[in-house]
2 protein chains.
Amino acid sequence: MYTVSSLKAELHERGWRLTPQRETILQIFQNLPTGEHLSAEDLHVLLQQDGEPISLSTIYRNLKMMSRMGILRELELAEGHKHYEINQPAPYHHHHLICVRCNKTTEFKNDSILKMGAKTAQKEGYHLLDCQLTIHAICPSCQRSILPI
Amino acid sequence: MYTVSSLKAELHERGWRLTPQRETILQIFQNLPTGEHLSAEDLHVLLQQDGEPISLSTIYRNLKMMSRMGILRELELAEGHKHYEINQPAPYHHHHLICVRCNKTTEFKNDSILKMGAKTAQKEGYHLLDCQLTIHAICPSCQRSILPI
DNA sequence: GTACATAATGCGATGCCTTCTCAATAGTGC
DNA sequence: GCACTATTGAGAAGGCATCGCATTATGTAC
Ligand SMILES: [Mn+2]
Ligand SMILES: [Mn+2]
Ligand SMILES: [Zn+2]
Ligand SMILES: [Zn+2]
């Protein structure tokens, strides 16, 4: 599991700083129940409720930074905004099946996909950050409904 | 290959109509060279240059509709806006390796991923539209540069 | 071919997620 | 503690995408 001290070490490597805001954000995602994903706005509200508010600007900046570092995963689960979750290695690593109509999201695991992704990145000389299989589909419930699009 | 008449048939099934604009958009994507992806704005400019302009609203509406039908794929290749390409079955089906710093995109094929995706969707009773493995990484060139984030 | 019902288009206005600007604050190394 | 400068917070700004509505035009029935 990624720790606060390893975050600090990685930040310092690049001449960056560990702030209470970054520590808080990391801890929120580390303790997030399986299957839950947070948007920037979700996180903002959650932190306000917890009594340790962080400005939306700072949240956006750090979600982006931590994704670029490979600590978080940036997911497109719904239209219009991103969702985030902690990026974990196998066997916790997983993928998403999304209904394009109701946005219902189901997680599933498949070890071989991460292996293939890592292999592909390595073959091209890339430094892997995240590997996500996203299945866009229509769920059984929405197939029965006669809603447009 | 998906044809104009099959588009017409699918639209009619739902009580929708085939318009010259929809036909044009489909043909643009069918003739797009391998590895090219278009944003809504790209498509808008391209059509204006070709002398058959289509309003941006109509482009947005139809890109979304055709993605929801499984005709096009909606891709997150860069920050801030979506890219589209035609959705093809094996052996043309492919995936994307993206550098998060310079947005360089490389396509790669892997038949087993689509098979796994189709299997997962089927097992859950979902109607598959698209299955995309996206690898976020840092390309060799960007690894050498000392750019922030 | 004509007429009708209504889906689709085009235009501008609007919405909303995200980024930007910049003064104030606060980590880090010495 | 001090200097340096990365980071934060607040509001303004940007930009992709959607909405509302009058107008146009497709598909169907006659
Ligand atoms: Mn997840
Ligand atoms: Mn492609
Ligand atoms: Zn659904
Ligand atoms: Zn790069």
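For clarity, every value in this text was computed on a predicted model and none was experimentally measured. First the proteins, then the strands, lettered A, B, ... as listed; each starts at 1. Just so it is clear, the values below take in all heavy atoms, side chains as well, and ignore hydrogens, waters and symmetry mates.
- Per the geometry, CD belonging to A:Glu23 stands 11 Å off P belonging to C:dG27, to the nearest Å.
- Counting only distance, with no hydrogens or angles, the side chain of B:Thr105 and the backbone of B:Asn103 share a donor-acceptor pair below 3.5 Å.
- Residue B:Leu7 contributes atom CG, which lies 11 Å from atom P of D:dG27 at whole-angstrom precision.
- The shortest distance between the side-chain N/O atoms of A:Lys64 and the OP1/OP2 oxygens of C:dT19 is below 4.0 Å.
- Here the side chain of A:Gln143 pairs a donor or acceptor atom with the backbone of A:Ile138 at under 3.5 angstrom.
- At D:dT18, none of the side-chain N or O atoms of B:Tyr60 fall inside 4.0 Å of OP1 or OP2 (strictly under the cut-off).
- In the helix from C:dG1-D:dC30 to C:dC30-D:dG1, the rotation axis of the first five pairs and that of the last five pairs differ in direction by 60°, rounded to 10 degrees.
- Between B:Phe108 and B:His95, the ring planes are tilted. Angles from 30° to 60° get that label.
- Between the NE2 atom of B:His44 and the C1' atom of D:dA17 there is a distance of 14 Å, given to the nearest Å.
- Cluster membership check: A:Met65 does not share its hydrophobic cluster with B:Ile98, using side-chain heavy-atom separations under 4.5 Å among Ile, Leu, Val, Met, Phe, Trp and Tyr.
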### Task
Could you run through nucleotides 4-10 of chain C and give me one letter per nucleotide, 5' to 3': B if any protein heavy atom sits under 4.0 Å from the base, S if only the sugar-phosphate is that close, - if neither?
-BBBSBB
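- Panel note: side chain A:Arg22, backbone A:Arg17; a donor-acceptor pair is recorded below 3.5 Å.
- Hydrophobic clustering, with ILVMFWY side chains joined whenever heavy atoms are under 4.5 angstrom apart, keeps A:Ile71 apart from A:Tyr126.
- Taking CZ of B:Arg144 as the reference point, atom SG of B:Cys139 lies at 8.0 Å (rounded to 0.5 Å).
- Note: B:His96 and B:His37 have perpendicular aromatic rings, judged against thresholds of 30 and 60 degrees for the angle between ring planes.
- The stretch residues 74-87 of chain B comes close to DNA chain D through B:Gly80, B:His81, B:Lys82, each having a heavy atom under 4.0 Å from the strand.
- Between the CD atom of A:Gln48 and the C1' atom of D:dG9 there is a distance of 13 Å, given to the nearest Å.
- Ring geometry, B:His83 versus B:His81: the interplanar angle falls from 30° to 60°, so the pair is classed tilted.
- No more than 12 heavy-atom neighbours from other residues, nucleotides or ligands sit within 6.0 angstrom of CD on B:Gln122.
- By the criterion of side-chain heavy atoms lying less than 4.5 angstrom apart, applied directly or through intervening Ile, Leu, Val, Met, Phe, Trp or Tyr residues, A:Ile59 is grouped together with A:Tyr84 in one hydrophobic cluster.
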